[in-house]
Every structure is written in C-alpha cells, then in structure tokens.
There are 2 protein chains.
Amino acid sequence: MSIQYAPVVATSVTKQIAEQIRESIFDGRLKADDRLPTEHELADQFSVSRPTIREALKLLAAQNLIRSRRGPTGGTFVKRPTEEEARADLTTAATLLVSLGEFDLAEIAEARHELELVCGRLAAQNRQPRHLEQMAAEITVQKDPELSDEAFCASDVRFHRALVDAAGNSVLGFVMYTVIEALQPVENMVIFRFRERQKIIGQHEKILAAITDASIKRTEKAITKQMNYLRTQFAAAQEHRNRMTG
Amino acid sequence: MSIQYAPVVATSVTKQIAEQIRESIFDGRLKADDRLPTEHELADQFSVSRPTIREALKLLAAQNLIRSRRGPTGGTFVKRPTEEEARADLTTAATLLVSLGEFDLAEIAEARHELELVCGRLAAQNRQPRHLEQMAAEITVQKDPELSDEAFCASDVRFHRALVDAAGNSVLGFVMYTVIEALQPVENMVIFRFRERQKIIGQHEKILAAITDASIKRTEKAITKQMNYLRTQFAAAQEHRNRMTG
DNA sequence: TAAACATAATTGTCAAGCAAATATGAAATA
DNA sequence: TATTTCATATTTGCTTGACAATTATGTTTA
C-alpha cells in the first residue's frame, strides 16, 4: 500500500487506526480489492502490537469495509460494498431509527403521502411500458384469493416500488425504497388487521390507470385516495394501541 | 449477567461470540445499560482467550451496541444508540451509497427540488416563530462578507434544515436531513466553484418571506427558483467534469 | 503426466503480563 | 470535624511472543 499515515495521538489507538484506514478507503487511496499490508506490517507501520491492529480491523470488518483470508495469497482486502449491500445498510439504519424514534403514525402517513405524490407526478410523466406492466402484474397477483397475507403485503410493496421506479429518478427511488421498507412493519400491521384487499386493489387499479394515461391530476387524486385510506387505518390502529396500553 | 451461552462451534470464533452477544441484546436478555461480565470472565465463559473476546466486542462496538469504560466501576455496557447516533449511521450509509452509486447530478437536483417543495408547502402551513427566527438568523450570518466558504456552506445547510423543521414532520425531516447531508459534497462543490453568494442569499430571503406569509404558492415559486439555479450550476459542474475527464 | 507432499505466507488464537484510568476508602491535614 | 490527599483495587487498553489453521506454490514421486 505504501501510504503514509499520520502518527497516532490520543484517545483509543485502536479507533484512531481504524479511522485512518477508513479514511484512506473513502478518499480513494485504497480502492476496492486493494490488499492492505499484512497485520504484522501494519503493526510495524503504526508502531502498535498485532492484537491492536486486529481490533482496528474488526471495527472496519463490522462495517463491511474489509474482508480477510488466510494463506499465502490471503490477507486483508478492501471490500467496497455493492450498491445492494449499501442499500441494505441504509435500510437497516432507517429501520433502527423507526424502531427507536417514536414516530407518530400520523406523521408517517403524511410523509408517505407527500413522497408518493411526488413519485406519482413524475411517474405520470416518465413511466415506461415495463413499469406499467409490472404494476399490472402485481395487481393480478393481488387478486388471487388464495394469496397469503404475507404474499399480499410483498406484492403491495412491489407495486409501489414499480411506481417509484416509473418516476425515473434513482435518488428519489432510494429515498422511497428506504421509507417504504422502514415503514413496512407498521403498514403490514394495517393490512393484517383490516384485510380489505378489494379496496386496496381498486385503489391500485385507479393509480395505474391514471399513470398509464399520463394524467398528473388523476394520479394525484388516486394516490391521495389510497393514502387517506391508509391514514384512517393508521388512526384506527393507533387508537387500538392506545386502548391496549392505556 | 448470568446468561447461558451455547458452545461455539465453527467458522470464526470471534464472529460467533459477537453474534451470540448481539442476539442476547436484541432478544432482550441484555437491556440498555446492562453490564456485561468483565473481559476475563467472558473469556472464561466462552473458553477463549481475552484478545478473542476483545475482537468480538470490537465488532459490536463498531455498531454502537456497546461502550466500555475503564476502572473499578467500569466494564462493558449495552448501549442503545441514541436517536442522534442512529441518524448519523443513516447519514453514513446514505453518503456511502451516494459515493458509489453513480447518481446523475440532474437526478440529484430534481429529487432535491421535489423534496424541498414538499417541505416548503408544509412549512408554509405549520411554521412556528422559532423556525422563522432561525432562518432569519442564518441569512444574517450569510451576509457577513468575512464568512469563509466552509462557514457559508454550513449556514446554508442550517437554513434548509430550519425550513425542513418548519414543515413539522419528523419522518420527512429525517429523510431530508439525510438527503441534504449526503448530497452536501456535491453542493459544496457548486458553492465553492461559483461563489454567487448574493444570489443565494436573495433566494433565501424570498423563501423566508413566503413562508412567513404562509403563502404556499409563493413558497413553491421561491424554492423552485433556487432549485433551478442550483440545477444550472450542477449542469455547469457536470459539463466541467466531463471536459476534465473526456 | 498426474498425484501426493513439503513449504512458506498469512490470518486466527492463545498466554501472561504491564500500563492507564478511575471509583473507593483510608490517612493526613486544616 | 471537614476536606483534601493518597494508596489501592478493579477493569479496560495494549504489548510481546508464540503456536494453530488455512492455502497457494513448487517439488518430488508413482
């Protein structure tokens, strides 16, 4: 690697070393699949013992930034996470946040509504045939009366993801994927509690039709209708929860 | 703690131990602020050496699940991440994603535009005096000609955060904070390159005025104006980058 | 030619102990 | 007596040196 490191100064040596290596990964000095020096060499370079180096490497390993292999061609390698892994990390972090932060269900519903409206407007403008097909396919799936609740929820997620994809903005897509995913436990609760599938399917059909016709107004109206429905269900679930706890 | 652990079987002992402790945290056997046995005791319980235990603990420490303190009343404690830390993790994950996902600057600008519009509309409805004061204060800061570029950028971030806060939706807030933060490197580049501070300040003043008057239409207009400006700057930066690389 | 084997390199783990921090209680001092 | 100072015990942080496990490479052997 032959990168010059600044001398370690204070707090935890382990953390500082981890931080320096992390930085050299993020600023590009170390690229994906680059091999780090051996633990022994790192220990020499940082003037610490091998166990200390190993602890630092474990800090990075926990964040999926490196991987190690034994043997002559082994060693420690930089492992830039794939987009998928990075997105999984993002979802994990978001889910944790949702589980901690006591988000008001009403706020969740409002945020979801507004974000979905944005996606809907863009989708009405940018949708490609494949998005319409995907949404139609999910509606077909949802009509199957044999479908389990879990499968229905999963299809619901896929429908809304297709809508997000149709918006044709990957940044917005990542945001929405994360929000949809993080709020899924709550939404599942609603779907499991009030199994009004027909209503949901009908709403999906109207959304799809509006987007197919590239009508922004109708898309907004259809999405608002579904989101308002979700909102009432959230409120009911909230009230039910309050009765249980209070 | 007095929890019975299953004997370790295969792969990396370190990882397995970390996994077992992680599980006992997540399934509630270990609660927040519970103290784990000393490293020496853990080493005995798992029949491994202390360095191995320490590596396992580092894996958990990297995920903010534990914290350690030296001294007689010290030890290793279960640490439920604070909301702030969880949000920091979220931002880190998002930043990583932005850094590897090749997001089109135009898409970034569009997403930012749409999201900020949502916040602006809600802010015009829900803003409290403290939000207006915060935004006004940041504009004052930005007018200081002595201000460094870094400080100007930081104030810009705070202005937009105040706008987000004014929307009064914490879910949307988290999303926006993350997006703003993750896209900051790109935005900084724009501000550093084209130092048209006066223009930006003027746009901020119009946004603030519109929100103060609770005018959704004017808020939309003002935000769109600033976002379109950002968009042109992104495009210029994009073109410049293309010339450099092409 | 191909299979078995030794070899070397590298991470994984162990052992015992010293260093640093820090709460607690005892001793010295005002 | 009240307060400060100091010794002490406890726990993590880190060191040193070594052995075990894994695995690519080259060498020997059938």
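The chains referred to below are lettered A, B, ... by the order of the sequence lines, with proteins before strands, and numbering in each begins at 1.
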Exercise for the section: Could you walk me through whether B:F46 and B:Q16 pass the side-chain contact (heavy atoms from CB on, under 4.5 Å) test, one step at a time? Expected result: CA-CA 10 Å; B:F46 284 105; B:Q16 297 220 354; over 6 Å; no

Problem - Gap between atoms CZ and C1', on B:F77 and C:dA23 respectively (whole Å) - result: 12 Å

Practice task
Classify every nucleotide of nucleotides 10-17 of chain C by which part a protein heavy atom approaches to under 4.0 Å, writing B for the base, S for the sugar-phosphate alone and - for neither, in 5'-to-3' order.
Solution key: BBBBB--B

Practice task
Please determine if B:E85 and B:K79 form a salt bridge, counting it only when a charged side-chain N lies under 4.0 Å from a carboxylate O.
Solution key: yes

Exercise for the section: Answer yes or no: is there an ion pair linking B:R67 with B:D33, defined by an N-O contact shorter than 4.0 Å? Expected result: yes

Check the interface with nucleotides 3-7 of chain C: list each N/O to N/O pair with the protein under 3.5 Å, or write none.
none

Problem - Electrostatic pair A:R22:A:E19 at N-O distance under 4.0 angstrom - result: yes

Completion exercise
Of B:E138, B:E116, B:E181, the one forming a salt bridge (Lys or Arg N to Asp or Glu O under 4.0 Å) with B:R161 is B:E181

Completion exercise
To the nearest angstrom, the CZ-C1' distance between A:F46 and D:dT15 comes to 17 Å

Practice task
Would you please classify the geometry between the B:H204 ring and the B:F159 ring as parallel, tilted or perpendicular, with 30° and 60° separating the classes?
Solution key: parallel

Problem - Any side-chain donor near an acceptor of the partner, B:S49 and B:T52, under 3.5 Å - result: yes

Problem - Pairing of B:R197 and B:D149 as salt bridge, 4.0 angstrom limit - result: yes

